Amino acid sequence: MKTSPLRVFAAACLVAVGIGILVIIASNNNAGQRDFICYWAAGQQLIHGADPYDRDAVQNLERSAGYKLGYRLIMRTPPVALFLALPLGLVSANAGIVFWLLALLASLVLSIRMLWSLHGRPNDRLHLLGYCFAPVMECLMAGQLGIFMLLGVVLFLSFHRSRPFLAGSALLLCAIKPHLFLPFGIVLLLWILRNKAYRLLAGFSVAVFASCALTFRFDPHAWSHYSQMIGTSRIMDEVVPTLSEFLRLYVRPDAVWLQFLPEAIGCAWAVWYFWTRRDRWSWMDQGLLLLLVSVLCSPYALFTDEAMLIPAVLAGVYQAVATGRSLLPFGLFAGAAMMEVFAETSIASPYYVWTVPAWIVWYLYATGSKREAVA
């Protein structure tokens, strides 16, 4: 059987990713040059019963591992995420990054495989495009958390009907950055109440309780330490690639509340969007648009966080192929984002502010005929 150019291209991209990761792992003292180092330092602090959010102690640990950048790097995720950093406290930084990257790669492979199954296991292998999605590449290079959130989303999409307790437990991976999921989470709660899917809520509650219990075993004051760190971090003074940030900067820089206005509007829209479609709601259809809007409205996000949008991006690819629509818009968007990655653009650079709107435009374009048919 003749091999299609698309398959060859996807396979080549996959091999390139693998080679790139091996180069990263094999390079000398690479751990200290990546965002991963803040998770390792938090794990070191936590395993010894110290404050994982202590700026001075964390910075000393990072410098000992070779961190040389001028700005302070500290884990800003809430204590429910510390279960991810805890095992890193048992190993050195360079050993830790090997295990960390392997965990990220395993999560990515599992997520892409499950998405392929969700779409009926087609023979076209379009799901391989997920491996060369620019935010995923950047997430692997930086050692960021976006791929773990992707796994949480995919597990939920796969099991929310058949294994609701497992699906709810998987949402713990989304709770590591809850501000990215607020509209999504509000609709999820409404969906749970409407469908009496209380096992899903129980799974999430048990997972959060277990994660907090594990953290409190090592740091009983983790939440107060986190609150103190956030209160002094001046995080709202940082420029990040979100529309919310640019709204505040261009309208009134000192009005912090403006940065939360899009999320408030997004939550109101999400409630309306769900309620008007509650009888035909599908997490693999309307839920994916909701996921995109949740990230779009977020007051704080990094380019690597967009790795969790692969389900929506690939759904658009499958739908475009099924309806005969061009893949050119996706190729242009994905190619431009990849060029920024190759140019070593910082994950917090404002030059990434266009990417989430681009993925939404792509999804709406690719699924347009499907939505017209439903209407």
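Everything numeric in this text was worked out from a predicted model, so none of it was measured. We number each residue from 1, following the sequence as shown.
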Glu138 side chain vs Thr304 backbone, donor-acceptor pair below 3.5 Å: no
Side chains of Leu82 and Phe218, heavy atoms from C-beta outward: is any pair under 4.5 Å? no
Please confirm whether the ring centroid of Trp191 lies under 6.0 Å from the ring centroid of Phe274. no
Which class fits the ring pair Trp359 and Phe330: parallel under 30°, tilted 30 to 60°, perpendicular over 60°? tilted
Before accepting this row, confirm whether a basic side-chain N of the pair Asp285/Arg277 lies closer than 4.0 Å to the acidic partner's carboxylate O. no
Shared ILVMFWY cluster between Trp269 and Leu291, side chains joined below 4.5 angstrom? yes
Taking the six-membered ring for Trp, are Trp116 and Tyr318 ring centroids under 6.0 Å apart? no
Donor-acceptor pair, side chain of Asp305 and main chain of Ala301, under 3.5 angstrom: no
Determine whether the aromatic ring centres of Trp223 and Tyr53 lie less than 6.0 Å apart. no
Donor-acceptor check, side chain of Trp281 to backbone of Gly287, threshold 3.5 angstrom: yes or no? no
ring-ring contact (aromatic ring centres under 6.0 Å, His included) test vs Tyr352 passes for just one of Phe333, Phe303, Phe246, namely Phe303
Test item: Pro311 and Leu157 side chains (from C-beta on) under 4.5 Å apart, heavy atoms: yes
Between the side chains of His225 and Asp219, does any donor sit under 3.5 Å from an acceptor? yes
